[in-house]
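Predicted model only: the values in this text are computed from it and were never measured. Every number for a ligand or one of its atoms is a count from 1 in the order of the listing. Throughout, numbering of the chain's residues begins at 1 and tracks the sequence.
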Amino acid sequence: MAPADKLIVVLGATGIQGGSVARLYATLPGWRIRGITRDPTKASCAPLHEAGVELVAADLDDVASLDRAFEGANAIFAVTEQGRKPNEIAMDLEIQQGKNIIHAAAKHLHTLDRLIVSTLSDSEKWSGGQIKWNLHFDGKAKYTQYLKDKFPDLAKKTSYVQMGSYLSNWRAFPFLAPAKQADGSFVHVSSGSPNAKLTPYVDPPNDTGYFVKALVEHQDAGLTMLGFCELISTAEYVAIWSKTLGVKARTEPLNMEVLKSAGLPEFLLQELGETSAYSSTWGWDGGDPEVKHPKELGVEIKKLTKVAEWVKKEDWSAIL
Ligand SMILES: NC(=O)c1ccc[n+]([C@@H]2O[C@H](COP(=O)([O-])OP(=O)(O)OC[C@H]3O[C@@H](n4cnc5c(N)ncnc54)[C@H](OP(=O)(O)O)[C@@H]3O)[C@@H](O)[C@H]2O)c1
């Protein structure tokens, strides 16, 4: 590490998005990396430590700890954790975490060149008030707007990435997993609308770092990127899945009654339904004309995941 190296501070370094950023920056010359976790002694820190990442304890709920963690930062990658609590409480907590990051980052304008915020679009705004319960989008949109309104000097140094739909969501949310039918074929859930907007699929453990690198290196700040590796319909995704695995598959609309009888809590049903309605009707980015695609902002497109390759590598043994 040379004394002149720039410092990037990566929130959520032990997680999916932040881990991608920390791993990519560990391969780039001219940078040192400070990864933030609540517990630098946990096992998931070991590979980061071995890759040369400095691990520092801080908590998104504690603005003073973030202030200390941002000391000397030239770039910061910020991601909040929405959690798995009833959604209104989760949104309030997430907005507060976002504000904590903003308040702490604003104290470091003397060293900071670029803050990159992982965010999502304002679904209530872009749907003209029709979507009210897509709170894991709207919480992020709210603190993003707070930054733009209240911290103009920080906003001049900030760009945003609206992360797309994780390809791995079928593992995190088992009710989204392809379901095997009696005849051996599979059913994937979809919004059910043949005119649905395309889905921005993303493989965040690989792709996030490349999005962040492009936004850090871009001469302009104030940019918003839709973070995806492939922008395709659910039907196209299912066709790739089916061809790659050599099994028959089709899509069926999300059936809320089935999910309800399977015991999904009301708040999760509500959020799932509205996320699906919003992204299929207005699009993941709400149709915001300011949102740019990775190739428009200098992302190394060849480095991003190909959906077919991801399907091939993924372990589907639990459902096949
Ligand atoms: N699933 C999707 O399709 C999708 C799409 C777009 C956006 N998102 C958003 O992605 C976000 C999650 O990002 P991810 O997938 O990278 O998360 P993740 O893999 O679950 O990791 C969460 C990270 O946040 C850190 N963290 C959690 N609470 C913290 C706290 N109080 N203080 C400091 N660090 C804390 C954790 O660190 P430690 O535990 O080590 O402290 C961990 O590194 C959510 O906000 C979600 O809404 C998801």
Given Glu94, His136, Lys140, Lys42, which one has a non-hydrogen atom that is nearest to atom 47 (O) of ligand 1? Lys140
Do the charged groups of Asp39 and Lys42 touch, with an N to O distance under 4.0 Å? no
With nothing but distance in play, are any N or O atoms of Gly18 less than 3.5 Å from an N or O of ligand 1? no
Give the numbers and elements of all ligand 1 atoms closer than 4.0 Å to a heavy atom of Thr37. 38 (P), 40 (O), 41 (O)
Taking the six-membered ring for Trp, are Trp170 and Trp316 parallel (under 30°), tilted (30 to 60°) or perpendicular (over 60°)? parallel
Does Val63 offer a backbone N or O that forms a donor-acceptor pair with the side chain of Asp67 under 3.5 Å? no
Trp133: ring pair (Phe, Tyr, Trp, His ring centres under 6.0 Å) partners, not counting sequence neighbours: none
Is the Lys NZ or Arg CZ of Lys148 less than 6.0 Å from the centre of Tyr160's six-membered ring, within 45° of the axis? yes
Please confirm whether the backbone N or O of Pro204 pairs with a side-chain atom of Ser20, one donor and one acceptor, at under 3.5 Å? yes
Just going by heavy-atom distances, which of Pro40, Gly164, Ser165 is nearest to atom 5 (C) of ligand 1? Gly164
Numbering as shown, the atoms of ligand 1 that approach Asp59 to under 4.0 Å (heavy-atom distance): 30 (C), 31 (N), 32 (N), 33 (C)
Looking at Asp61, which atoms of ligand 1 are within less than 4.0 Å of one of its heavy atoms? 31 (N)
Taking 4.0 Å as the limit for heavy-atom contacts, which would you say applies to Ser44 with ligand 1: side chain only, backbone only, both, or neither? neither
What I'd like to find out is whether the side chain of Lys213 reaches to under 4.5 Å of the side chain of Tyr25, using heavy atoms alone. yes
May I ask you to check if ligand 1 and Thr80 share an N or O to N or O distance below 3.5 Å? yes
Glu252 side chain near Ser190 side chain, heavy-atom distance below 4.5 Å: no
I need the contact type for Leu11 against ligand 1. Using non-hydrogen atoms and a strict under-4.0 Å cut-off, is it side chain, backbone, both or neither? neither
Please determine if Leu120 has a nitrogen or oxygen closer than 3.5 Å to a nitrogen or oxygen of ligand 1. no
In terms of its nearest heavy atom to atom 3 (O) of ligand 1, the top option of Leu55, Asp62, Leu176, Asn169 is Asn169
Contact between ligand 1 and Ala58 is defined here as a heavy atom of the residue under 4.0 Å from a ligand atom; is it met? yes
Is there a polar contact between ligand 1 and Met163, counting only N or O atoms under 3.5 Å apart? no
Ligand 1 to Gly15 polar contact by distance, N or O atoms, under 3.5 Å: yes
Ring centres under 6.0 Å, that's the criterion: do Trp284 and Phe137 meet it? yes
The atoms of ligand 1 lying under 4.0 Å from a heavy atom of Thr14, numbered in the order shown, are 36 (C), 37 (O), 38 (P), 40 (O), 42 (C), 43 (O)
Looking at side-chain heavy atoms only, is the closest gap between Phe70 and Val56 below 4.5 Å? no
Closest candidate by heavy atom, reference atom 35 (C) of ligand 1, pool Glu81, Gln17, Arg38: Arg38
Closer than 4.0 Å to some heavy atom of Gln97 - which atoms of ligand 1 meet that? 31 (N)
Using side-chain contact (heavy atoms from CB on, under 4.5 Å) as the criterion, point out the one residue from Val10, Val117, Ile33 that pairs with Phe77. Val10
Please identify which atoms of ligand 1 are closer than 4.0 Å to at least one heavy atom of Val79. 13 (O)
